[in-house]
Q: 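This structure is in structure tokens; I'll ask about it shortly.
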Amino acid sequence: QVQLVESGGGLVQPGGPLRLSCAASGSIFRLNVMGWYRQAPGKQREWVGSMHIGGTTNYADSVKGRFSISRDNAKNTLYLQMNNLKPENTAVYYCKAFLRGTDYWGQGTQVTVSS
């Protein structure tokens, strides 16, 4: 019922910006919360940030001031703008939606920060 597709990942130099997109099936208005997670090799998946249906955002301390979440309701798309990227930000980034007690995940998009 809920399908999510991430895009926008790739190779970027340290300090550079990158914007990820998460396209959702249907209207995102029905989703209580959407967010971004990431997982690096050898590490557990960690929460990056979330946006609730009303637009309120929350971020992990490690990305505050550098990452921001926005959405385009007309395009049913959630964005993650990442600035001043660091090598330790290298990971597969996942979009997540929460609806009626169920988490829905996209396939992930690889972000590699390297010079």
Side-chain angles (χ1 to χ4, degrees):
Q1 187 66 59
V2 179
Q3 299 180 28
L4 306 171
V5 180
E6 302 96 332
S7 63
L11 176 65
V12 61
Q13 294 185 351
L18 198 66
R19 189 176 75 165
L20 306 182
S21 300
C22 172
S25 60
S27 176
I28 62 175
F29 286 125
R30 74 188 195 279
L31 304 174
N32 290 327
V33 62
M34 298 185 68
W36 291 94
Y37 288 70
R38 65 188 178 192
Q39 186 169 22
K43 293 186 176 181
Q44 295 184 345
R45 187 171 299 184
E46 65 177 350
W47 171 71
V48 173
S50 300
M51 175 177 281
H52 293 258
I53 193 168
T56 301
T57 56
N58 298 96
Y59 302 96
D61 288 341
S62 61
V63 305
K64 286 181 179 177
R66 297 189 298 116
F67 291 12
S68 63
I69 297 172
S70 61
R71 68 188 181 197
D72 187 332
N73 292 333
K75 296 181 178 180
N76 295 322
T77 300
L78 189 77
Y79 301 98
L80 178 65
Q81 178 66 49
M82 304 182 293
N83 297 322
N84 192 23
L85 282 163
K86 305 175 181 179
E88 55 263 40
N89 299 146
T90 295
V92 177
Y93 283 71
Y94 297 90
C95 179
K96 189 193 80 172
F98 177 77
L99 179 65
R100 297 186 182 277
T102 300
D103 289 334
Y104 298 89
W105 296 88
Q107 85 289 347
T109 184
Q110 176 71 48
V111 173
T112 302
V113 185
S114 176
S115 60

Q: Can you see which heavy atom on Glu6 is nearest to which on Tyr94, and at what distance?
A: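 Result for this residue pair: OE2-CA, 3.3 Å.
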Q: Over all heavy atoms of both residues, which pair between Gly108 and Val92 is shortest? Give the atoms and the distance, please.
A: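 That would be CA-CG1, 3.9 Å.
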Q: Looking at CZ of Arg71 and CE of Met34, how far apart are the two atoms once the value is rounded to the nearest 0.5 Å?
A: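 These two atoms lie 9.5 Å from each other.
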Q: Say you draw a straight line from CD1 of Ile69 to CG of Leu20; how long is it, rounded to the nearest 0.5 Å?
A: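 With rounding to 0.5 Å, CD1 (Ile69) is 10.5 Å from CG (Leu20).
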Q: Show the numbers, then the answer: is there a side-chain contact (heavy atoms from CB on, under 4.5 Å) between Trp36 and Cys95?
A: CA-CA 5 Å; Trp36 291 94; Cys95 179; 4.1 Å; yes
Q: CD of Glu46 to OH of Tyr37: how many Å apart, nearest 0.5 Å?
A: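 Between atom CD of Glu46 and atom OH of Tyr37 there are 10.5 Å.
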Q: Donor-acceptor pairs under 3.5 angstrom involving side-chain atoms of residues 49-56: please list them, not counting sequence neighbours.
A:
from  : atom 1 : to    : atom 2 : distance (Å)
Ser50 : OG     : Trp47 : NE1    : 2.7

Q: Taking atom OG1 of Thr77 and atom CG of Leu4, what is their separation to the nearest 0.5 Å?
A: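 That separation rounds to 10.5 Å.
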Q: Hey, what else clusters with Val33 if you join Ile, Leu, Val, Met, Phe, Trp, Tyr whenever side-chain heavy atoms sit under 4.5 Å?
A: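 Taking Ile, Leu, Val, Met, Phe, Trp and Tyr as members, Val33 shares its hydrophobic cluster with Phe98.
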Q: Linking I/L/V/M/F/W/Y whenever any side-chain heavy atoms sit under 4.5 Å apart, do Tyr59 and Met82 land together?
A: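 Yes: a chain of side-chain contacts under 4.5 Å links Tyr59 to Met82.
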Q: If you count heavy atoms of other groups shown closer than 6.0 angstrom to CD of Gln13, is the number above 12?
A: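 Counting other residues, nucleotides and ligands, CD of Gln13 stays at 12 neighbours or fewer.
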Q: Which heavy atom of Gln81 sits nearest a heavy atom of Pro17, and at what distance?
A: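 Here Gln81 and Pro17 meet closest at NE2-CB, 4.0 Å.
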Q: Looking at Val113, is its backbone amide N or carbonyl O close enough to the side chain of Thr90 to form a donor-acceptor pair, meaning the two atoms are under 3.5 Å apart?
A: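 Side chain of Thr90 to backbone of Val113: a pair is present.
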Q: Show the nearest heavy-atom pair for residues Ala91 and Arg38, with the distance to one decimal.
A: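 Where Ala91 meets Arg38 most closely, the heavy atoms are CB-CB, 3.8 Å.
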Q: Which value, rounded to the nearest 0.5 Å, describes the distance between Lys96 atom NZ and Asp103 atom CG?
A: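 The NZ atom of Lys96 sits 4.0 Å away from the CG atom of Asp103.
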Q: When clusters are formed by joining ILVMFWY residues with side-chain heavy atoms under 4.5 Å apart, either directly or through shared neighbours, do Val63 and Leu78 land in the same one?
A: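 Same cluster: Val63 reaches Leu78 through Ile, Leu, Val, Met, Phe, Trp or Tyr contacts under 4.5 Å.
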Q: Using side chain to side chain donor-acceptor pair (under 3.5 Å) as the criterion, point out the one residue from Asn84, Asn89, Asn83 that pairs with Arg66.
A: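 When side chain to side chain donor-acceptor pair (under 3.5 Å) is applied between Arg66 and each of Asn84, Asn89, Asn83, only Asn89 qualifies.
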Q: Is it possible for you to check whether Arg19 lies under 6.0 Å from the centre of the six-membered ring of Tyr79, through NZ or CZ, and within 45° of that ring's axis?
A: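 Yes, Arg19 and Tyr79 form such a contact.
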Q: So, does Gln107 use its side chain to make a donor-acceptor pair with the main chain of Val5 at under 3.5 Å?
A: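 No, the answer is negative, given that no donor and acceptor are paired below the 3.5 Å cut-off.
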Q: Between atom OG of Ser21 and atom CG of Leu80, what is the distance when rounded to the nearest 0.5 Å?
A: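 So the gap between those two atoms works out to 9.5 Å.
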Q: Specify whether Phe67 and Tyr93 have parallel, tilted or perpendicular ring planes, treating 30° as the upper limit for parallel and 60° as the lower limit for perpendicular.
A: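 Taking Tyr93 first and then Phe67, their aromatic rings sit tilted (interplane angle of 30° to 60°).
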